Novice: 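Quick one: the structure is below, questions incoming.
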Amino acid sequence: MKLKLKKGDLVQVIAGNDKGAVGRILEIYPEKMRVLVEGVNVRKKHTRPSQQNPKGGIISKEMPIHYSNVMILDSDKNPTRIGIRFEEKDGKIVKIRYSKKNGKDL
């Protein structure tokens, strides 16, 4: 299934422990239906000493969350669903994402 969310979109978490948090999408994992959002779902990870990290220790790491738990923010900073329409520009058909709430392009 193809997700309508893209890397760099500003989203708001609508469910889970970080409900209400806002952040940008850093990565998308379409095969697992998950997205990585900056500052959301931060977990502690214990690491062993290695070449890159000689001391080891505990690091904070963002973990992916399910895409259904986030909604994209429109130009008015309101969570909205995404619609897709096709327009012709320079003789080519272009796919444009728009906000279902206010109808403006995303």
Side-chain angles (χ1 to χ4, degrees):
M1 181 176 172
K2 182 144 171 56
L3 305 181
K4 294 179 182 177
L5 298 171
K6 304 280 183 229
K7 184 177 176 178
D9 284 345
L10 191 64
V11 294
Q12 180 176 4
V13 179
I14 59 170
N17 293 340
D18 293 313
K19 182 177 181 177
V22 175
R24 293 218 174 266
I25 294 181
L26 301 175
E27 279 188 64
I28 295 182
Y29 307 104
E31 64 280 348
K32 295 181 180 177
M33 309 289 278
R34 292 183 170 270
V35 294
L36 185 67
V37 182
E38 68 177 342
V40 174
N41 198 22
V42 178
R43 299 288 179 243
K44 300 282 187 185
K45 184 173 166 99
H46 298 261
T47 58
R48 297 180 64 123
S50 65
Q51 291 280 357
Q52 294 85 11
N53 188 8
K55 282 187 94 174
I58 302 171
I59 60 169
S60 295
K61 186 177 181 185
E62 295 149 337
M63 303 300 276
I65 59 175
H66 199 265
Y67 85 102
S68 66
N69 293 335
V70 298
M71 283 186 92
I72 193 165
L73 296 179
D74 61 9
S75 57
D76 302 331
K77 302 293 187 233
N78 295 320
T80 181
R81 290 176 295 140
I82 300 172
I84 295 178
R85 71 170 171 259
F86 298 95
E87 290 183 2
E88 189 172 336
K89 288 188 180 178
D90 301 327
K92 292 185 177 181
I93 297 177
V94 181
K95 187 190 304 188
I96 297 176
R97 298 184 308 157
Y98 69 95
S99 164
K100 290 263 191 163
K101 195 170 258 188
N102 63 11
K104 296 179 184 172
D105 293 349
L106 294 174

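The structure displayed is predicted, hence computed values, not measured ones.
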Novice: Could you tell me whether a side-chain N or O of Lys100 sits under 3.5 Å from a main-chain N or O of Thr80, the two making a donor and an acceptor?
Specialist: no
Novice: For side-chain contact (heavy atoms from CB on, under 4.5 Å), just list the numbers for Asp105 and Arg85, CA-CA rounded to whole Å, side-chain angles, deciding distance to a tenth of an Å, and then say yes or no.
Specialist: CA-CA 10 Å; Asp105 293 349; Arg85 71 170 171 259; 2.5 Å; yes
Novice: List the atom pairs, with distances to 0.1 Å, where a side-chain N or O of residues 5-22 and a protein N or O form a donor-acceptor pair under 3.5 Å, not counting sequence neighbours.
Specialist:
from  : atom 1 : to    : atom 2 : distance (Å)
Asp9  : OD1    : Arg97 : NH2    : 3.1
Asp9  : OD2    : Lys6  : N      : 2.8
Asp9  : OD2    : Arg97 : NH1    : 3.0
Asp9  : OD2    : Arg97 : NH2    : 3.4
Asp18 : OD2    : Asn41 : N      : 2.6

Novice: Are Ile82 and Met33 connected, step by step, through hydrophobic side chains (Ile, Leu, Val, Met, Phe, Trp, Tyr) whose heavy atoms are closer than 4.5 Å?
Specialist: yes
Novice: Return the CD1 to CZ distance between Ile28 and Arg34, rounded to the nearest 0.5 Å.
Specialist: 14.0 Å
Novice: Quick check: is Val42 connected to Leu26 through a chain of hydrophobic side chains (ILVMFWY, heavy atoms under 4.5 Å apart)?
Specialist: no
Novice: Show me the donor-acceptor pairs, under 3.5 Å and distance only, between side chains in residues 60-75 and residues at least two apart or in other chains.
Specialist:
from  : atom 1 : to     : atom 2 : distance (Å)
Ser60 : OG     : Lys44  : NZ     : 3.4
Glu62 : OE2    : Gly39  : N      : 2.6
His66 : ND1    : Ser68  : N      : 3.3
His66 : ND1    : Ser68  : OG     : 2.8
Asp74 : OD1    : Asp76  : N      : 3.1
Asp74 : OD1    : Lys77  : N      : 3.2
Asp74 : OD1    : Asn78  : N      : 2.9
Asp74 : OD2    : Asn102 : ND2    : 3.4

Novice: Does atom CD1 of Ile84 have more than 12 heavy-atom neighbours, drawn from other residues, nucleotides or ligands, at distances under 6.0 Å?
Specialist: yes
Novice: Quick check on the hydrophobic clustering: are Phe86 and Tyr98 connected, directly or via other members, by side-chain heavy-atom contacts under 4.5 Å?
Specialist: no
Novice: Rounded to the nearest 0.5 Å, how far does CD of Glu38 lie from CG of Leu36?
Specialist: 9.5 Å
Novice: Output a table of donor-acceptor pairs, distance under 3.5 Å, between side-chain atoms of residues 46-55 and any protein atom two or more places apart or on a different chain; print 'none' if there are none.
Specialist:
from  : atom 1 : to    : atom 2 : distance (Å)
Thr47 : OG1    : Gly57 : O      : 3.0
Ser50 : OG     : Asn53 : N      : 3.3

